[in-house]
Amino acid sequence: MNSPVIRLNDGYEIPQLGFGVWQVPNAGAAAAVTAAIDAGYRLIDTAAAYRNEEGVGDAIAASPVGRDALFITTKLANPDQGYESTLRAFDASMKLLRIEKLDLYLIHWQAVHRGAYLDTWKAFVKLRDEGRIASIGVSNFTVPNLERLRDETGVMPSVNQIELHPRFQQKALRAYHAKAGIATESWSPLGQGSLIDDPQLAAIGRKYGKTAAQVILRWHLDLGLIAIPKSVTPARIVENFDLFDFRLSEEDIAAIDKLDRPDGRIGPDPEVFG
Ligand SMILES: NC(=O)C1=CN([C@@H]2O[C@H](COP(=O)(O)OP(=O)(O)OC[C@H]3O[C@@H](n4cnc5c(N)ncnc54)[C@H](OP(=O)(O)O)[C@@H]3O)[C@@H](O)[C@H]2O)C=CC1
Ligand SMILES: O=C(O)C(=O)[C@@H](O)[C@H](O)C(=O)CO
């Protein structure tokens, strides 16, 4: 079964369920991405900072699925922020990925102290206008900086990829995205694996004959989010895509809603990181 898709504010469609490759070594990236494509994933999420774009490129080149059926995301690394440096970094990523056109390019972090995200965004708009990228977006951006991009360039990001999982649900930012027409993409959707042992999630899973991981990922989909779980374990790669034969009840969604914690963040704080 195929992943459902979400329509972005620029008219392009993105698969709702994808495959992330942070912490997958370059040498193992081709095998992991090939297993993911075999399992049915079409969205692959990498980044220059992951240093595995070449391995991802190997899997794309060898894929039995045509390039047009795949949706490739990469991200601009923080030290490359700035107008000219972004143009150079984009070329470097495309050389490693060995593709003609990128589906989605993200500014990895707003990195406010660098003072360069606006110039970076202007370079993104140029690359999009030249047809080298379909969709442009950001990651780890806060509302004032999203609005600054829109106000200064007239282009609102299509996606904001943010840390989001049942213990850190980002309700306020999600509500803003919904009003502003920005798609929310959940990074570390499984809480980096920390939520898998939650007994409540396992109990919900038993009702559907599913694992806690599948319940969490189904929750992302039922909320209308894009989720990009990572695994290098072939059975888990398959398990995490086996979500399309059930939906969570309103009661179960309400129970997961209560797992949200003000201190539930696992990764860096976007206000200061980068
Ligand atoms: N924009 C950003 O700043 C960030 C983006 N990301 C993106 O989000 C993706 C996903 O986030 P990530 O931090 O990797 O964490 P995830 O929430 O996807 O969790 C991955 C961890 O969970 C384990 N796991 C996966 N599936 C299962 C399962 N079914 N049962 C039990 N354990 C499981 C994996 O182990 P194993 O691999 O050993 O199977 C791994 O340790 C990244 O790969 C990256 O693409 C992530 C962080 C920041
Ligand atoms: O995985 C990513 O996309 C990240 O940005 C993380 O590596 C993040 O930089 C981090 O967790 C650093 O500790």
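Counting convention: from 1, in listed order, for ligands and their atoms alike.
In the candidate list Y50, F273, W187, Y50 is nearest to atom 44 (C) of ligand 1, counting heavy atoms. Residue N240 holds the heavy atom nearest to atom 29 (N) of ligand 1 of all those in V21, N240, L106. Between the choices Q214, K230, Q161, the shortest heavy-atom distance to atom 5 (C) of ligand 1 belongs to Q161.
We find that D103 and R67 are joined by a salt bridge, their nearest charged nitrogen and carboxylate oxygen being less than 4.0 Å apart. Under a 4.0 Å N-O distance rule, the pair D10/R128 does not qualify as a salt bridge. Between R132 and D91 there is a salt bridge, since at least one side-chain N of the basic residue sits less than 4.0 Å from a carboxylate O of the acidic one. Under a 4.0 Å N-O distance rule, the pair K210/D242 qualifies as a salt bridge.
Heavy atoms of S231 found under 4.0 angstrom from ligand 1 belong to the backbone as well as the side chain. At a 4.0 Å heavy-atom cut-off, ligand 2 touches P268 through the side chain alone. The proximity of S188 to ligand 1, defined as any non-hydrogen pair under 4.0 Å, involves the side chain as well as the backbone. Neither the backbone nor the side chain of Q23 comes within contact range of ligand 2; no heavy atom lies under 4.0 Å.
Side chains of Q110 and T142: a donor-acceptor N/O pair is present below 3.5 angstrom, by distance only. With 3.5 Å as the limit, one finds a donor-acceptor pair spanning the side chains of Y50 and K75. A side-chain donor-acceptor contact under 3.5 Å links R148 and Y117. Using a 3.5 Å distance cut-off with no hydrogens or angles, the side chains of T46 and E53 do not pair a donor with an acceptor.
Each of H165, E163, H220 was checked for a side chain to side chain donor-acceptor pair (under 3.5 Å) with S186, and the lone residue meeting it is H220. When each of Q161, Q170, H177 is tested with T184 by the rule side chain to side chain donor-acceptor pair (under 3.5 Å), just one qualifies, namely H177.
Taking a cut-off of under 4.0 Å to the non-hydrogen atoms of W109, the atoms of ligand 1 that pass are 3 (O). Within ligand 1, counting atoms from 1 as listed, the ones closer than 4.0 Å to a heavy atom of Q192 are 13 (O), 15 (O), 16 (P), 17 (O), 19 (O), 21 (C), 22 (O). Near E239, meaning under 4.0 Å from one of its heavy atoms, ligand 1 places the atoms 29 (N). Here is the list of ligand 2 atoms found below 4.0 Å of a heavy atom in H108: 2 (C), 3 (O), 4 (C), 5 (O). Close approach of ligand 1 to D45 (heavy-atom distance below 4.0 Å) involves ligand atoms 7 (C), 44 (C), 45 (O). The atoms of ligand 1 that sit less than 4.0 Å from any heavy atom of G193 are 19 (O), 21 (C), 22 (O). Those atoms of ligand 1 with a heavy atom of T233 less than 4.0 angstrom away are 36 (P), 38 (O), 39 (O). For ligand 1, the atoms sitting less than 4.0 Å from at least one non-hydrogen atom of H108 are 1 (N), 2 (C), 3 (O), numbered in the order shown with element in parentheses. Distances below 4.0 Å separate heavy atoms of P229 from the following atoms of ligand 1: 18 (O). For ligand 2, the atoms lying closer than 4.0 Å to a non-hydrogen atom of F273 are 9 (O), 12 (C).
Counting protein heavy atoms only, atom 36 (P) of ligand 1 is closest to R236 NH1, 3.3 Å. Protein heavy atom closest to atom 17 (O) of ligand 1, with residue, atom name and distance, is L190 N, 2.8 Å. Ranking protein heavy atoms by distance to atom 3 (O) of ligand 1, first place goes to N140 ND2, 2.9 Å. Nearest to atom 10 (C) of ligand 1 among the protein's heavy atoms is I228 O, 3.1 Å. Remark: minimum distance from atom 43 (O) of ligand 1 to any protein heavy atom is reached at W22 N, 2.9 Å. Nearest protein heavy-atom contact of atom 2 (C) of ligand 2 is Y50 OH, 3.2 Å.
When only interatomic distances are considered, the shortest N/O to N/O separation between I196 and ligand 1 does not fall below 3.5 Å.
The environment of CZ in R51 is sparse: at most 12 heavy-atom neighbours from other residues, nucleotides or ligands sit within 6.0 Å. Within a 6.0 Å radius of CG in D260, more than 12 heavy atoms belonging to other residues, nucleotides or ligands are found.
Across Y176 and M156, no two heavy atoms sit closer than the pair OH-CE, 3.3 Å.
Two residues are said to be in side-chain contact when any heavy atoms from C-beta on lie closer than 4.5 Å; Q81 and D119 fail this criterion. Residues E130 and L127 meet the side-chain proximity criterion, which asks for heavy atoms closer than 4.5 Å.
Not a single heavy atom of W187 sits under 4.0 Å from any atom of ligand 2. For the pair P189 and ligand 1, a heavy-atom separation below 4.0 Å is found.
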